[in-house]
Amino acid sequence: MKIAIYMEGGGPKSNSQAMLRQGMDAFLAKIKDAYCKKKWNWKLVPCGGRDEAHKRFQNERRNNNADIIVLLVDSETKVFKKPAAHLAARDGWNFDGVDGDFIHLMVQTMETWIVADPEALASYYEQGFQANTLPRHQNLEAVRKRDIAQALNRATQRTRKGKYHKIQHARHLLQQIDPVTVREKCPHCERLFEILLGRMDSGV
């Protein structure tokens with residue numbers, strides 16, 4: 001048995017994609033461990049751009065190489081529909097015949113998950129980190145992608161590590177942020193954990 005997750009992010013180079021995979025594997029450890037304990041093969045693939053993630057997701061489905069095949073991409077904008085319907089409307093992707101439980105969104109961007117845990121950010125960036133610039137919304141998915149990026153830049157610009165850098169910093173931050181905290185503030189992150197863990201508990 002095998003689960004394959006194709007996700008947006010990591011840039012165009014294999015080494016930066018490997019860095020993101022390391023971080024996201026840590027963030028999704030509860031899901032990964034649950035599947036591995038059942039002797040499933042776990043495959044998480046950062047694909048760079050969102051179109052490439054969608055392409056590889058669809059190729060995996062056509063080739064029947066995994067029992068569960070998941071797509072994980074940014075929503076880019078606020079979500080008013082189910083994930084598959086959102087992506088069909090925004091990106092023109094066709095999900096006919098696809099189980100909607102396996103289409104997932106990082107709303108509105110992966111960095112929303114990162115800013116959900118300001119304590120972890122403060123621990124990573126240390127002196128100079130300005131937590132008061134981060135959005136305080138209980139539902140962070142309501143905050144626009146641009147506003148998340150600007151807030152993260154302001155919070156980190158005076159630190160010794162410098163402004164948040166997606167390739168250099170995201171891997172470490174994903175290893176440190178608390179998934180429970182993120183799930184409380186980001187409903188689509190909660191959906192990802194709930195569905196994939198639920199499928200494992202029910203025997204898929």
Side-chain angles (χ1 to χ4, degrees), residues 3-36 41-54 56-57 70-76 104-131 133-135 140-141 143 145-186 188-190 192-193 196-197:
I3 177 171
I5 301 175
Y6 290 91
M7 67 170 292
E8 175 181 0
K13 297 182 179 179
S14 59
N15 63 332
S16 59
Q17 291 173 9
M19 290 165 64
L20 178 60
R21 180 170 57 250
Q22 183 180 18
M24 191 59 74
D25 264 344
F27 182 73
L28 300 178
K30 185 173 182 178
I31 301 174
K32 180 179 179 179
D33 291 348
Y35 278 83
C36 290
N41 289 323
W42 170 270
K43 178 181 174 184
L44 175 66
V45 186
C47 301
R50 61 193 292 104
D51 288 330
E52 182 65 16
H54 174 249
R56 296 184 69 175
F57 165 79
V70 177
L71 177 66
L72 178 62
V73 295
D74 292 345
S75 71
E76 302 290 339
H104 289 272
L105 300 172
M106 298 178 281
V107 182
Q108 300 180 27
T109 174
M110 185 188 75
E111 279 68 28
T112 304
W113 293 4
I114 288 174
V115 303
D117 189 351
E119 290 186 3
L121 279 165
S123 176
Y124 176 72
Y125 284 102
E126 299 180 318
Q127 187 174 358
F129 179 72
Q130 300 179 68
T133 70
L134 297 177
L140 285 172
E141 294 183 355
V143 183
K145 180 175 182 175
R146 181 183 66 186
D147 294 340
I148 291 286
Q150 290 176 346
L152 194 50
N153 284 339
R154 286 195 300 269
T156 58
Q157 63 186 352
R158 296 181 182 177
T159 67
R160 278 187 284 182
K161 290 185 173 73
K163 282 185 182 180
Y164 169 76
H165 189 283
K166 196 177 187 80
I167 300 299
Q168 298 300 325
H169 298 172
R171 168 185 54 160
H172 302 292
L173 290 166
L174 286 167
Q175 291 172 323
Q176 293 187 35
I177 58 176
D178 179 14
V180 174
T181 299
V182 180
R183 292 166 65 180
E184 290 173 350
K185 298 179 182 179
C186 301
H188 283 80
C189 183
E190 170 65 18
L192 175 67
F193 276 79
L196 294 186
L197 289 171

With heavy-atom distances below 4.5 Å as the criterion, would you say the side chains of F57 and V70 are in contact? no
Any sub-3.5 Å donor-acceptor pair from E141's side-chain atoms to H188's backbone N or O? yes
Can you find a pair of side-chain heavy atoms, one from P135 and one from I148, that are under 4.5 Å apart? yes
Please round to the nearest 0.5 Å and tell me the distance separating atom CG of L197 and atom CD1 of I31. 5.0 Å
Are more than 12 heavy atoms, taken from residues, nucleotides or ligands other than Q150, located less than 6.0 Å from that residue's CD atom? yes
Could you tell me whether a side-chain N or O of Y35 sits under 3.5 Å from a main-chain N or O of L196, the two making a donor and an acceptor? yes
Side-chain heavy-atom pair R158, Q130 within 4.5 angstrom cut-off: yes
Extract all donor-acceptor atom pairs below 3.5 Å that involve side chains of residues 4-21 and protein atoms in other chains or at least two apart in sequence.
residue, atom, partner, partner atom, Å
Y6, OH, K43, NZ, 3.1
Y6, OH, E60, OE1, 2.0
E8, OE1, R50, NH1, 3.0
E8, OE1, D74, N, 2.8
S16, OG, G10, O, 2.4
S16, OG, K13, O, 2.9
Q17, NE2, G11, O, 2.9

Indicate the atoms forming the closest heavy-atom contact of F27 with P179, along with that distance. O-CG, 3.5 Å
When the ring planes of Y124 and H169 are compared, do they come out parallel, tilted or perpendicular, using 30° and 60° as the limits? perpendicular
Using a 3.5 Å distance criterion without hydrogens, assess whether the side chain of Q157 forms a donor-acceptor pair with backbone atoms of G162. no
Working for side chain to side chain contact (heavy atoms under 4.5 Å, CB included), residues D178 and E119: CA-CA 9 Å; D178 179 14; E119 290 186 3; over 6 Å; no
Under 3.5 Å: donor-acceptor pair, side chain of T156, backbone of Y164: yes
